[in-house]
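When reading the values below, keep in mind they use all heavy atoms of this one structure, side chains included, and skip hydrogens, waters and symmetry mates.
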Amino acid sequence: MSPLKPAPTKAGAALPITGATVVVTCPGRNFVTLKITTADGVYGLGDATLNGREMAVVAYLQDHVCPLLIGKDAHRIEDMWQFLYRGAYWRGGPVGMTAIAAVDVALWDIKAKVAGLPLYQLLGGACREGVTVYGHANGETIADTIAEAKRYQAMGYKAVRLQTGVPGLADTYGVSADKMFYEPAAAGLPQESVWSTNAYMRVVPELFAAAREELGWDIELLHDVHHRLTPIEAGRLGRDLEPFRPFWLEDATPAENQAAFRTIRHHTTTPLAVGEIFSSIWSCKQLIEEQLIDYVRATVVHAGGISHLRKIAALADLYQVRTGCHGATDLSPVSMAAALHFGMSVPNFGLQEYMRHTPETDAVFPHAYSFDQGMLHPGDTPGLGVDLDEDLAAAHPYRRAYLPVNRLEDGTMFNW
Ligand code: GCO
Ligand code: MG
């Protein structure tokens, strides 16, 4: 362990970066971690995992970013962000922004360790007792899905995402054999799925009707469309779900065209969430300013780190849009911890996704955060409160894996 609080030399003195290394590990799925070390021996961690395209970020960091870090002052987080963003000339994009995020989070980790404080204290302190999370209930049938949701209720969850198999389709997004530790990327070439909007549009309202019958009204219910509908179809699904009061409908339509959400908004009062694949504030500026969404799902690791995500949250707060950060298992425990410190400290926190990591992953990334009664708390360890066991990480080497792809019944390539 590095010393948490070195004797300060002089207030405002520089803390030179002496090392920056990238660790790739696959304790069941691939994770990329940046470790930045300083002259005082304090180190920080940043997640750099881009599911299915991991090695592109590894190369971006190793070939283009790490050499720039050595000798720089670890305390100058915003200046470093601007240097990496503006200094690349090529702005934005998932690979570059994930790499910048890793540097940003590692530097925040270092600053908080040096201060001897859990990171949320440096971000303005706690705005709440903990970060309310939602879990993933899924099953092949409606009955299976509701049985899973009951398990989550029994564990104390206050919010659950419901995904069910679509009759007639061989497999459906969000439905997995391994309930607690779902990971869609698989080794080998991408698995191909077949999609029918017609069949899907019928089963989801049935699922929600049955869920309200059996689970009652005290639990928040969510659903992820995973980019599968057109705006007018999404408007219809949102309207069909209104009687069951979903907490949100996620990724109802692809969001490259932000204005497309006007159509959905026009037809339904079901709250809308979007943004797990957004790389920056520019992906959601119009969505927020026109109040076309209710929850922005941009996350620390893919949207430029804590520094940039705080700017997105600040813009969203002006328009009563709340946060709903992505928290699937392809975000490592380093990202989960960063999301929790962020979620503790922003005024407009909404809800945090929480898919549990496997025991193998938790062993590689020992962490201070913990779950209790539907909330996660980041813990009070200085910094992010996450470590990396490098020996254990080395015992789980990288394995190439791809997310599935999706085609319509006539073979047309579609959105997964
Ligand atoms: C979610 C997401 C995930 C993604 C996965 C892709 O809402 O959690 O949609 O299930 O599919 O993160 O890497
Ligand atoms: Mg999603």
Side-chain angles (χ1 to χ4, degrees), residues 132-138 142 145-146 149 152 157-164 166 172-175 195 197-278 283-284 286-298 316 319-327 348-353 415:
T132 303
V133 296
Y134 71 91
H136 282 211
N138 70 81
I142 289 175
T145 305
I146 290 172
Y152 278 92
Y157 281 80
K158 308 280 185 277
V160 183
R161 187 185 97 156
L162 304 178
Q163 307 290 141
T164 196
V166 176
T172 311
Y173 162 76
V175 179
W195 177 250
T197 296
N198 187 328
Y200 168 78
M201 292 282 277
R202 279 179 278 140
V203 77
V204 180
E206 283 172 30
L207 168 67
F208 271 71
R212 281 303 179 205
E213 280 275 309
E214 295 218 30
L215 304 173
W217 295 84
D218 287 338
I219 186 154
E220 302 289 4
L221 302 178
L222 297 78
H223 181 70
D224 189 349
V225 180
H226 223 256
H227 327 270
R228 304 287 169 91
L229 299 177
T230 64
I232 197 68
E233 289 164 349
R236 189 188 306 146
L237 181 63
R239 202 184 50 201
D240 289 350
L241 292 179
E242 278 172 25
F244 315 114
R245 296 284 188 273
F247 184 85
W248 78 37
L249 190 63
E250 176 186 338
D251 285 342
T253 199
E256 289 98 327
N257 174 14
Q258 298 181 43
F261 277 70
R262 289 182 191 144
T263 304
I264 312 177
R265 252 318 192 224
H266 190 73
H267 291 284
T268 181
T269 58
T270 289
L272 302 174
V274 67
E276 67 183 38
I277 64 169
F278 290 173
S283 318
C284 49
Q286 184 181 7
L287 288 170
I288 292 171
E289 287 176 345
E290 290 190 28
Q291 295 181 273
L292 301 178
I293 57 170
D294 302 279
Y295 298 92
V296 58
R297 282 180 50 71
Y319 297 95
Q320 300 186 46
V321 174
R322 292 191 284 161
T323 65
C325 295
H326 191 203
N348 53 329
F349 168 78
L351 192 63
Q352 169 68 47
E353 181 178 19
N415 314 318

Taking [Y]'s backbone N and O only, do any of them form a donor-acceptor pair with [X]'s side chain (distance below 3.5 Å, no angle check)?
| X | Y | result |
| --- | --- | --- |
| T323 | G350 | yes |
| T268 | G235 | no |
| R297 | G324 | yes |
| D294 | L272 | yes |

Quick check for you: to the nearest 0.5 Å, what is the distance between [X] atom [atom1] and [Y] atom [atom2]?
| X | Y | atom1 | atom2 | answer |
| --- | --- | --- | --- | --- |
| D251 | E276 | CG | CD | 5.0 Å |
| I293 | L249 | CD1 | CG | 13.0 Å |
| I146 | L215 | CD1 | CG | 6.0 Å |
| E290 | R265 | CD | CZ | 11.0 Å |
| L237 | I232 | CG | CD1 | 12.0 Å |
| Q286 | N257 | CD | CG | 7.5 Å |

CA sep, side-chain torsions, deciding dist, call: R212, I219, side-chain contact (heavy atoms from CB on, under 4.5 Å): CA-CA 9 Å; R212 281 303 179 205; I219 186 154; 4.2 Å; yes
Where is the tightest heavy-atom contact between [X] and [Y], given as atom of each residue plus distance?
| X | Y | result |
| --- | --- | --- |
| V166 | A199 | CG1-CB, 3.5 Å |
| I142 | T164 | N-OG1, 3.4 Å |
| I264 | P231 | CG1-O, 3.6 Å |
| A298 | F278 | CB-CB, 4.5 Å |
| L162 | A149 | CD2-CB, 3.9 Å |
| F208 | P246 | CE2-CB, 4.0 Å |

Got [X] and [Y] here, is their nearest side-chain heavy-atom distance under 4.5 Å?
| X | Y | value |
| --- | --- | --- |
| H136 | D224 | no |
| T253 | T263 | no |
| T269 | E242 | yes |
| L221 | F244 | no |

Is R228 salt-bridged to E233, cutoff N-O under 4.0 Å? no
Any carboxylate oxygen within less than 4.0 angstrom of a Lys/Arg side-chain nitrogen, looking at D240 and R202? no
Tell me, with the steps shown, if N415 and W195 meet side-chain contact (heavy atoms from CB on, under 4.5 Å). CA-CA 9 Å; N415 314 318; W195 177 250; over 6 Å; no
Evaluate the side-chain contact (heavy atoms from CB on, under 4.5 Å) criterion for residues N348 and V321: first the C-alpha distance (whole Å), next the side-chain angles of each, then the deciding distance (0.1 Å), finally the verdict. CA-CA 7 Å; N348 53 329; V321 174; 5.8 Å; no
Stepwise side-chain contact (heavy atoms from CB on, under 4.5 Å) check, Y134 with E220: CA-CA 8 Å; Y134 71 91; E220 302 289 4; over 6 Å; no
Does the plane of the ring in Y152 sit parallel, tilted or perpendicular to the ring in Y157? Use 30° and 60° as the thresholds. perpendicular
Under a plain distance cut-off of 3.5 Å, with no hydrogens placed, do Q163 and T172 share a side-chain donor-acceptor pair? no
Picking from W248, Y319, F349, what satisfies ring-ring contact (aromatic ring centres under 6.0 Å, His included) with Y295? W248
